[in-house]
Structures are given as structure tokens and as C-alpha cells.
Amino acid sequence: MAASHSVIIFIGTLVVLATSISANEYIVGDKSGWTLDFDYQSWAKDKVFIVGDTLVFNYASGAHNVMKVNGTGFQQCVVSSSNGTLTSGRDIIPLQTPGRKWYICGVGKHCELRNMKLFITVLPQTMAPAPSPVATSASTKLIVPAVYGFVVALFGGILFHLV
């Protein structure tokens, strides 16, 4: 009975670790946050967004907002009344579906005159790019991320208790 309980805990732990390893949280604009006169397209250019990731928009509550729009709304900085407006100052948007995503600030002319708009493409989890190969040489050693070491240690500990 204790062995089956340990196996269930082990499998649950692996699922939690796999989910947390694969998802990324992106702070939009990094240290600058969601603000006026920032180049969000340059910020997003080298990032790969995958289903399961999240976007975090940080800004002074009341000064800005975040609105999800379509491509036309993005180009023309036009919002429709059917879209929800996020206003918390720390808006977290889970990227749950693949495809193109457009976000703008709907306050005043922040979008059209002050560049408060972001366009990204979200990839399905199965299309995530493979990690870059690690260059090897005689002096280079294989570096294993600490999380994998933790998983191996956890697995070994559970197996030790089962035997």
C-alpha cells in the first residue's frame, strides 16, 4: 500500500515539474514594463512564445490598461466594446491557444502616438523549437540543469524506499 502511494506521489511530482519547466513567464517590456514610448516589437522579436506561457503586463494602475484586439484593431489602435479591458496594473495573460495575439493600451492615444502595442505569435507546444546544441570540446564538460538533478535524486529516493 505504501509503495503505491509513493508511486502516485512520484508521478504527481513529475507532472508538476514538467509543467513548470516547460512554461515561461514573460514580463512585457522587462524592467520597463507596460509604458509609453517602448519598442515592444523589438522586445518580442527574439522570444519564442508557446502555449502554456504567460504574459505579465506591469504598469501603474489607472495610468494604462491592456486590451486584446484583432489585427485591424492593432494596426489602427481601435478597440471594440466587446473586448475585456484589464486594469489591475499587474495583468497576467495565460497563452492558452496558438496563433497571433495583439494587445494595446486603450488609454487616450497611448497606442497610436506612444507605441503602447504588442504583437506576438504563440506556437503550439508540439512546435516549440529544439534547444540549441551545446558546443563541445575537450575542455567543455556537460552541464546538467539543477532541476534534472533534482528529478533524478527524487526518483532515486523513491526507488530506494520501494526496495
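No hydrogens, no waters, no symmetry mates; every other heavy atom, side chains included, goes into these values.
Distance CG/Leu95 to OG1/Thr121: 11.0 Å, rounded to 0.5 Å. Here the straight-line distance linking atom NZ of Lys101 with atom CG of Leu118 works out to 12.0 Å at 0.5 Å rounding. Distance check, rounded to the nearest 0.5 Å: OG of Ser32 to CG of Asp37 gives 11.0 Å. Atom CD1 in Ile27 sits 5.5 Å away from atom CG in Asn58 (nearest 0.5 Å). Atom-to-atom distance recorded for Gln76:CD and Ile104:CD1 is 10.5 Å, nearest 0.5 angstrom.
Heavy atoms from other residues, nucleotides or ligands lying under 6.0 Å from NZ of Lys47 number more than 12.
Remark: the backbone N or O of Ser61 is not paired with any side-chain donor or acceptor of Thr87 at under 3.5 angstrom. Between the side chain of Gln41 and the backbone N or O of Phe119 there is at least one donor-acceptor pair closer than 3.5 Å. Under a 3.5 Å cut-off, the side chain of Asp53 and the backbone N or O of Asn24 do form a donor-acceptor pair. The backbone N or O of Phe74 lies less than 3.5 Å from a partner atom in the side chain of Lys117, making a donor-acceptor pair. With hydrogens and angles disregarded, a donor-acceptor distance shorter than 3.5 Å links the side chain of Asn70 to the backbone of Thr72.
Nearest heavy atoms, Gly52 versus Gln125: CA-NE2, 4.4 Å. Among all heavy-atom pairs drawn from Met116 and His64, the shortest one is SD-ND1, 3.3 Å. Taking both residues in full, the closest heavy atoms of Asn115 and Asp39 are given as ND2-CA, 3.6 Å, listed atom of the first, atom of the second, then distance. A pairwise comparison of heavy atoms in Val51 and Pro124 identifies CG2-CA, 4.0 Å as the closest pair.
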Derivation and outcome, side chain to side chain contact (heavy atoms under 4.5 Å, CB included), residues Val56 and Arg90: CA-CA 7 Å; Val56 179; Arg90 181 167 167 71; 3.0 Å; yes

Side chain to side chain contact (heavy atoms under 4.5 Å, CB included) between Val122 and Thr97, worked out: CA-CA 7 Å; Val122 179; Thr97 58; over 6 Å; no

Test log, rule side chain to side chain contact (heavy atoms under 4.5 Å, CB included), inputs Leu55 and Ile120: CA-CA 10 Å; Leu55 296 178; Ile120 62 170; 3.8 Å; yes

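Side-chain polar atoms of Tyr59 and Asn65 form no donor-acceptor pair below 3.5 angstrom.
Note that Lys45 lies outside the cation-pi zone of Trp43, set by a 6.0 Å cut-off to the ring centre and a 45° limit from the axis.
A continuous path of Ile, Leu, Val, Met, Phe, Trp and Tyr side chains, each step under 4.5 Å between heavy atoms, connects Phe38 with Leu36, placing both in one hydrophobic cluster. In the hydrophobic cluster analysis, where Ile, Leu, Val, Met, Phe, Trp and Tyr join through side-chain heavy atoms closer than 4.5 angstrom, Tyr26 is grouped together with Val28.
Within the 6.0 Å centre-distance limit, the rings of Phe57 and Tyr103 are counted as a close aromatic pair. Here Trp34 and Tyr40 bring their ring centres to under 6.0 angstrom of each other.
Of the two cysteines examined, Cys111 and Cys77, the SG atoms meet the criterion of being under 2.5 Å apart.
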